[in-house]
Amino acid sequence: MIWAKEETMSRAEIEEIQLKRLKETVNRVYEKVGPYREKMDQAGVAPSDIKTLKDLSKLPFVTKQDMRDNYPFGLFAVPKEELVRIHASSGTTGKPTVVGYTEKDLEMWTECVSRIAAMGGATEKDVAQICFGYGMFTGALGLHFGLENMGAAIVPSSTGNSEKQIMYMKDFGTTLLVATPSYALRLGEVAKEMGLDPKKDLNVKIGLVGSELLTEAMRGEMHKLWGEDMLVTSNYGMSELMGPGVSGECDKLCGMHINEDYFIPEIINPKTGEVLPPGEKGELVITCIYKEALPLIRYRTKDITRLIYEPCKCGRTTVRMENLSGRTDDMLKIRGVNVFPSQIEEVLLGIEEIGPHYEIIVTRKNHSDILEIRVELVKPVDVYRELEALEKKIKHKLRIVLGLDAKIRLESPNTLKRFEGKAQRVKDLRKEV
Amino acid sequence: MFIKQLSVFIENQEGRLEQVLEVLKQEQINIISLSLADTSEYGLLRLITSDPVAGQAALKKQGFSAMLTDVLAVRLAHQVGRLQEILSFVCKAGLNVEYMYALSNKEGDASIICKISNGDEAAVLLKSKEVELYSQEDILRIFC
Ligand SMILES: [Zn+2]
């Protein structure tokens, strides 16, 4: 089902709305947000210079560092009194980044999430269990209100206590699961440990996964556990921009439709900042054109993707962003080779003797990087030859994809850490030395 | 003809072997014989026990990678050259011994557990040479 008429507008109509809203937003931030005015003055660009959508590239970028520098409310475009909600992202180092919403912002957020939920197959008949951590994190409440707005019944179970989660699923007849891909896998495992087959004993038919990138291999693992007929879609967003709901996959599974009447995407070369032509891969930059409290302009997401402008088979005309290949932050440089953890995941998940959990450890010894990967052996063996052959096979497949040799460490099932929120599977120990 | 061996994968880490033995103890499973082979990173623990099926289930539940393997339990008379003789049958038939370890019993005979490349063929061959093979029931009766 297509939720809003804005999702099927012609390119000309979309661009007309975008230009109008962009101009309004730029005018407003120039007038109301000191740090923006300074940045624009420094770049020698005035609001009146924005005449077409192409002129967007004249504006300076905003980064997470700008948000930290202006902690907590320095980039807000409304007085604090107008805020009705405040969220923050957990900063692992230093101050968190703070985001705020006016009443109108919350309405827009809810609308955006209802759209992406509809893309992912949700309807008012669904029982939606939200297994995202509630609290300062935007994920849980974003999905919560968007799905509730649609008329679905919400089970706000949050994270943790996985056995109880499974009990709710069974007893309440949960049909829709909201979780990170890694927690969805963990929940499936717990159901099995409890003697239930998620495919038969539970009725979860829709998975709306986010806050972590979804590789095709991971989608395959979800199907293996939860059933081939489950519709697993990924959705995208980040607190700085609003929360979840910036974009989501439809049932054609060919990229995430961006809510373009609210957000303008660009792809840039992360090194030079130059805007890349449509279809090229680079860093996603998003401009919020309808937000009141925190309308970030040209926010550098650090996520790597490409944009697809061809209309989708689902009938929507909004631009799609390919499922993420990684983040510029996550990229590992190992012996001079650029490696995204998602590339390693794709290889590992394609090997049936090992489970879907893994850990990547990078260390340095004698001025050389060492890539080590821990995986769980799920198919038992009886002779060494088979262990050696398995190690060899994993190494070989990794070498083809990465061009690097890795050390493989096989471990017993259930020894690697399981995650309830965002999985942290990479340990880069080189910096600590 | 065959008996069930319990094979467990263990990381070379302090305490892992002990954890396996603890699980079996909890289940009241008796260990009749075992062999532990290891490299610098992994160990493969092979066990002949009083209840291999229950042992596998309990270990799996505790997160171990454990499987059941069909192996031959061969009775050897205490006699010089007997083992060599039996192995010569196997070799002449073009079969390979993948691994082998000892099994001693109350009656004073020596016995071995062995895994041979083509188990079925090996069993038929040894029987034709009148080599005595223990069954699962024999194991329980004689060794427990
Ligand atoms: Zn579509």
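Keep in mind that this is a model prediction, so the values were computed, not measured. Proteins get letters first, then strands, A, B, ... in listed order; numbering begins at 1 in each.
Shown here is B:E14, whose CD atom has no more than 12 heavy atoms of other residues, nucleotides or ligands within 6.0 Å. Around atom NZ of A:K170, no more than 12 heavy atoms belonging to other residues, nucleotides or ligands sit under 6.0 Å away. Within a 6.0 Å sphere centred on NZ of A:K379, other residues, nucleotides and ligands contribute 12 heavy atoms or fewer. Residue A:E163 places its CD atom among 12 or fewer non-hydrogen atoms of other residues, nucleotides or ligands, all under 6.0 Å distant. Heavy atoms of other residues, nucleotides or ligands lying less than 6.0 angstrom from NZ of B:K129 number 12 at most.
Looking at A:E388, there are no atoms closer than 4.5 Å to chain B (heavy atoms on both sides), in backbone or side chain. Using a 4.5 Å cut-off between heavy atoms, B:Q5 touches chain A through its side chain atoms alone. Within the 4.5 angstrom heavy-atom criterion, atoms from both the backbone and the side chain of B:F64 approach chain A. Using a 4.5 Å cut-off between heavy atoms, A:K407 contacts chain B through its side chain alone, with no backbone atom that close. Looking at A:L387, the atoms closer than 4.5 Å to chain B (heavy atoms on both sides) all sit in the side chain, from C-beta outward.
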Subject >> CA sep, side-chain torsions, deciding dist, call: A:V383, B:R46, side chain to side chain contact (heavy atoms under 4.5 Å, CB included) >> reply: CA-CA 10 Å; A:V383 283; B:R46 304 183 179 113; 4.3 Å; yes
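For A:E411 (side chain) and B:E11 (main-chain N/O), no donor-acceptor pair under 3.5 Å exists by modelled atom type. A donor-acceptor distance shorter than 3.5 angstrom exists from the side chain of A:Y384 to the backbone of B:Y42, with no hydrogens or angles considered.
Heavy-atom minimum distance, B:M67 versus A:V381: SD-C, 3.3 Å.
Considering NZ of B:K115 and CG of A:D382, their distance stands at 4.5 Å, rounded to 0.5 Å. Distance check, rounded to the nearest 0.5 Å: CD of A:E376 to CZ of B:F9 gives 10.5 Å. Going from atom OG1 of A:T415 over to atom CZ of B:R16 covers 6.5 Å, rounded to the nearest 0.5 Å.
For the set B:A66, B:S7, B:S65, B:A37, the count of heavy-atom pairs under 4.5 angstrom toward chain A peaks at B:S65. Ranking B:L44, B:T69, B:V8 against chain A, the residue ahead of the rest is B:L44, based on heavy-atom pairs under 4.5 Å.
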